[in-house]
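Note: hydrogens, waters and symmetry copies are ignored here, and every other heavy atom, side chains too, is used. Nothing fancy with the numbering, it's 1 onward along the sequence.
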Amino acid sequence: IGSVGWAVVRNDDDCKRLEDFGVRIFESGEIIESNKNIRKSQRRRKYRGMRRRIRRRNHRKERLKNYLENIEFVSRAELSEFFAKNNHDIIDIRVRALDEMVTPVELTAALLHIAKRRGYKAFYELSDENNNAKDKKAKEEEEKDIYKALTNTADVIKNGGYRSIAEAIMKDSEHFSDKISGRYKYRNIKEKDEKGKKESGGKISENDILFPTEMFEDEVRKILGKQKEFYPQLTDESIDKIFDIIFSEKEVIKWILEK
């Protein structure tokens, strides 16, 4: 709301008239950030979305731990001991799980790793009613960059003949390795400005690494399909349940109902 009109009206029996009126103007709903017009509501929505995403991520992980413990596949104590060491190569575990038996706690760690970040999947369409021409154009440009980033990343994996995202990350050092540290590089870290602060906005560029959700789904299916050969707890039903916990868009509601 940018302004509110007001009026004082006399409503006596012997006198009915407009005493005074005016308009209260509020501060603009727009703020200037990095030479861009960004609505305060947009900033609030951004942070609210971040909080919601973190909450849902934690719920997913808790549901997955609870389910695997319920089918007597792994215990919380084993997981705590495993993560306390903090010296495990989860990417290596994900690759080994494609071909050989891994321990229950290693498999759980690999699934939790994927559940934490499930790749990119478009959820919302741009509304013609609630967006002006400028917003639509910006959204279209952003979608083009997202599509290019998805296509470029997918082409690297397919052209390299890699069976999964993890295998590509581990073996393709040209695209998924930090040139300085030599560590795996599969997340987009924004550059810092001259003041040492990370760039704001979080928009995807066509040169970013962006994995489609479908590739994570394919990797989970391959991993669980192989590990099913070694563990009787991994039935078709339990595999479908694990898959649903990791990738369902309604995991928060399900988690609450199961509590």
Any non-hydrogen side-chain atom of [X] less than 4.5 Å from a side-chain atom of [Y]?
X    : Y    : result
R52  : R55  : yes
R76  : N66  : yes
R163 : D218 : no
I242 : L234 : yes
V102 : I223 : no
K241 : R63  : yes
F216 : I246 : no
I114 : F247 : yes

Open item on the list: Any donor-acceptor pair under 3.5 Å linking the side-chain atoms of S164 with those of E167?
Closed with: no

Please report the closest heavy-atom contact between [X] and [Y], naming both atoms and the distance.
X    : Y    : answer
P104 : Y231 : CD-OH, 3.3 Å
E100 : F230 : C-CE1, 3.9 Å
I165 : M215 : CD1-CB, 3.6 Å

How about [atom1] on [X], more than 12 heavy atoms from neighbouring residues, nucleotides or ligands closer than 6.0 Å, or not?
X    : atom1 : answer
K16  : NZ    : yes
Y147 : OH    : no
E72  : CD    : no

With a 3.5 Å distance limit and no angle check, can you tell me whether [X] reaches the backbone of [Y] through a side-chain donor-acceptor pair?
X    : Y    : answer
S238 : Q233 : yes
D172 : E174 : yes
T213 : R118 : yes
D244 : D240 : no
T153 : L210 : yes

TODO: Measure the acute angle between the ring planes of H88 and F82, then classify it against the limits of 30° and 60° as parallel, tilted or perpendicular.
DONE: parallel

Task: Listed partners of E237 passing salt bridge (Lys or Arg N to Asp or Glu O under 4.0 Å), at least two apart - done: none

Task: Salt-bridge present (E214, R221; N to O < 4.0 Å) - done: no

- [ ] Run the numbers on L64 and R60 for side-chain contact (heavy atoms from CB on, under 4.5 Å), then give the verdict.
- [x] CA-CA 6 Å; L64 184 57; R60 269 198 311 273; over 6 Å; no

- [ ] Please name all residues satisfying side-chain hydrogen bond (donor to acceptor under 3.5 Å, both in side chains) with K61, sequence neighbours left out, ordered by chain then number.
- [x] none

Task: T108: partners by side-chain hydrogen bond (donor to acceptor under 3.5 Å, both in side chains), with sequence neighbours left out - done: none

TODO: Verify the cluster assignment for F21 and V8: are they in a single hydrophobic cluster under the rule of side-chain heavy atoms below 4.5 Å apart?
DONE: no

